[in-house]
Amino acid sequence: MNKFRFLMLALIATTMLLVSCNQGGNSSNGALSSSAAEKVYVAPGEHDEFYAFVSGGFSGQLSVYGLPSGRLFKVIPVFSQDAEKAWGYNEETKPMLNTSHGFIPWDDSHHPDISQTNGELDGRFVFINGNNTPRIAKIDLSVFETTEIIEIPNSAGNHSSAFVTENTEYVVAGTRFSVPIPQRDMPINEYKGNFQGSLSFISVDPEDGGMDLSFQVLMPGFDYDLAHPGRGASHGWMFFSTYNSEESHSLMEVNASQNDKDFIAAVNWKKAEEYIKEGKFQTMPANYAHNVYDEETHTATSTMKKEVRVLDASELPGLVYLLPTPKSPHGCDVDPTGEYIVGNGKLSSDLTVHSFSKMIQAIENEKFDGEAYGIPILSFEDVLAGSVKQAGLGPLHTEFDGNGNGYTTFFISSEVVKWKVGTWEVVDRQPCYYSVGHLMIPGGNSRKPFGKYVLAMNKITKDRYLPTGPEVTQSAQLYDISGEKMELLLDFPTVGEPHYAAGIAADLVKERSKKIYNLEENKHKYATTSDANVKVERNGNEVHVYMTMIRSHFNPDNIEGIKVGDKVYFHVTNLEQDYDVPHGVSMIGANTSELLIMPGQTETFVWEPKQVGVWPFYCTDFCSALHQEMQGYVRVSPASSNIELSWSLGED
Ligand code: K7E
Ligand code: CUA
C-alpha cells in the first residue's frame, strides 16, 4: 500500500471512530470499523470490482453504480425523457417512447436482469420492465444505452418481469393486474371468472439480440407478482408468484388476503413451444409498439404490431401447474441449482421452499388438490421441500450466494436474514435502515453467483442522511457476505426508488465498452461527415441545417435567411474521433433539450423561432480550452422578408 493510500485509510478510519463515538459506539447506529471502511475504499483512479445496475422505480431509469464503492457512474435513460441526454427530446429517440397510447414519456421500472449464456451472466444486455404502460426495454452494455423497447399487449402493471431464461431464450413479462382480454367495456364487479392474466414470452435473437413477442399464456384472473427462471434441471420452466387468487376487485388489502394460500405458477415453456409448433395457439388481434434504435443510422424507428399468439392455460394440459404457497407471496426466487423455488408470503413469518424434483414427481403421480380454471393445483405437502421457520416479519425477496446460503429481506422487521439451503436453519441476521425491499447478490439470479456482497435496497431512510425537506433519499446498503456473519460496509443514496438490481463482475463488461462511433459507419439520413457537405436547405417553411462540430467551433456558425414561422431542423454531427469528447448544442427558445452528441454521432433538434432577431446557440459540454468560444448566431427575419438563405464559418 502506498503512503497516500495509507493516510487516506487512516483518515477514514479516524472519522469512522469519531462517528461511532458520537453515536455511542453501537453498531446499530451505523458505526463502522476501520476494516469496513477499507473494504469499500476504491482509491482515486482505481476501478470497482462490480457493476451494479439499480432500477430507478418511479424515475423510470436505470442507474449504474460501482461496487464496493457505491459510486454513481451513469443514469441510463430508459422509459422517462431525460433532458441531460436528450432522450425522448431529440428526433432520433422520440420513437423509442412510442406506445399504443401514443408518446408516453414516463414509466415505473422495477426489475433489471442481465443476459445469460449457459446460466451464467454474459454481460451483453440488461433487460428491465416498465410497469405502468407495459413495456420491456433492452440496454446494450457495449454503449450503456437503451436500444430496444417492446410494448406488451393484454397486460396491465407489467410487474413479474423482466426475467431472462438460462440462455436468454426469452425475457419474461407477467401482468400484475388482470384485465378483460381482449379489453372491452364491462362492469368491474363482473371481474371474477371474466378478467384474465397474461404471461408473455419475448424471444431474444441469439445473434443480434432482437426482441420479438413470441407468445402469451392466458391465465386465471389472479395478480402475477414476481418471476424467476428455472435453471439446471428446471431449465425450461418459469415460476411466477401470484396473489389475489380470491379474484377480488376492490378493497384488496382485505379481500385479496382471504385465502390461506395463493400460488406459485410453474409454466413449462418448452411445452409451450411444442404447442406453438403444433399450431395449438390462437392468433389474437393486438396493437403494440416495437421500437428499435439502430446504431448505424443513430435513429430509432417505431413499428406497430398487430397480432399475438396466445396459448390458453385452461385448455392445454401440462402447460401450467399451481403450487400452493402461503399468504400472498411476493418474491419468487430460484436457487443456483434450480432445485428450490422460494415463495415469500408477505403475511407469513415462514418462507416456503418448493422442490422442483418433488414437483415433477407429484405431476407424474397426479398428486393434485383440485384445479383452478382447468389448471391442476399440486398438493402442498407433495411439493414442499421445507420451510424457513419464524425467520422474521414480512418476507419479500431472496437471493443466493452460490455457497449454499439463501438471503431473504424482511420488510416489517427490517433485516436481511441468512439461512442454509437444505437444512432451512437461520444462521445470521443483520438490520437494514430501513424497511428493505429487494436485495441483490451480483450474479444472484444465475447458476454462478459471485457471492461476495449483498446489496439491500431500502424504502425508508429517515435519519440516515442529512434532511432534504419532506422527500428524503432512498438508499442501498452493502454487506460483506464472504464470512459466516454478514458485515454492513456502506450506505449510499440511490436515484428514484430502487426495487431490484443486477450486478456483474466488471471484467465481463468493461472490455466490450465502446469508445467512439466510427464516423465512416455513420448512416444517419442527415449526417454531415465532412465540412465539405455542410449546408442549409429550405423546403417551404421547413429548413434543414446540416451542421458539424469539432473542437472548438460549429460549421456553419452564422446562418441568415431564417424566418418567423419556420420549422428549423438542426442535424448536428460530431466529427471528433477521440474517446470522451462529446459536444453539446442548444438554441435559445427551443422547445426541447440540448443535444449531447458523442464522437461520430448525429443528432437532431427542432427549433421554431417565434421572434425576429439574432439568436445565439452554443456548446453545452465543456469540451476544450476554447469551449466558451464554441458558439454561433442565427438571424431571424419577419415571415414576409426575402432575405436569402446563407451560411458561413469564419467569413467577414
Ligand atoms: Cu419493489 Cu420487485 Cu416491484 Cu418487491 S417489487 S420491493
Ligand atoms: Cu464543444 Cu464545448
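Order of appearance sets the numbers: ligands from 1, and atoms from 1 within every ligand.
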- [ ] Using the side chain to side chain contact (heavy atoms under 4.5 Å, CB included) rule, pick out the option among Ile202, Thr175, Asn129, Thr133 that qualifies with Ile152.
- [x] Ile202

Open item on the list: If the cut-off is 4.0 Å to any non-hydrogen atom of Lys459, which atoms of ligand 1 fall inside it?
Closed with: 1 (Cu), 6 (S)

Open item on the list: Please tell me whether Asp401 and Tyr407 have a donor and an acceptor in their side chains that are separated by less than 3.5 angstrom.
Closed with: yes

- [ ] Check Ile136, Thr165, Ile128 against Val171 for a side chain to side chain contact (heavy atoms under 4.5 Å, CB included) and give me the one that passes.
- [x] Ile136

Task: Angle subtended at atom 1 (Cu) of ligand 2 by SD of Met630 and ND1 of His583, nearest 10° - done: 100°

- [ ] For the residue pair His159 and His110, categorise the inter-ring angle as parallel (less than 30°), tilted (30 to 60°) or perpendicular (more than 60°).
- [x] perpendicular

Task: Heavy atom of Glu497, distance to ligand 1 below 4.0 Å - done: no

- [ ] List the steps and the verdict of side chain to side chain donor-acceptor pair (under 3.5 Å) for Ser245 and Asn259.
- [x] CA-CA 7 Å; Ser245 56; Asn259 291 347; 2.9 Å; yes

- [ ] Determine whether more than 12 heavy atoms belonging to other residues, nucleotides or ligands lie under 6.0 Å from atom CZ of Phe177.
- [x] yes

Open item on the list: Show, in sequence, the C-alpha distance, side-chain angles and deciding distance for Glu594 and Thr620, and conclude whether the side chain to side chain donor-acceptor pair (under 3.5 Å) test is met.
Closed with: CA-CA 7 Å; Glu594 57 130 19; Thr620 49; 2.5 Å; yes

TODO: Work out how many protein N, O or S atoms lie closer to atom 2 (Cu) of ligand 1 than 2.8 Å.
DONE: 2

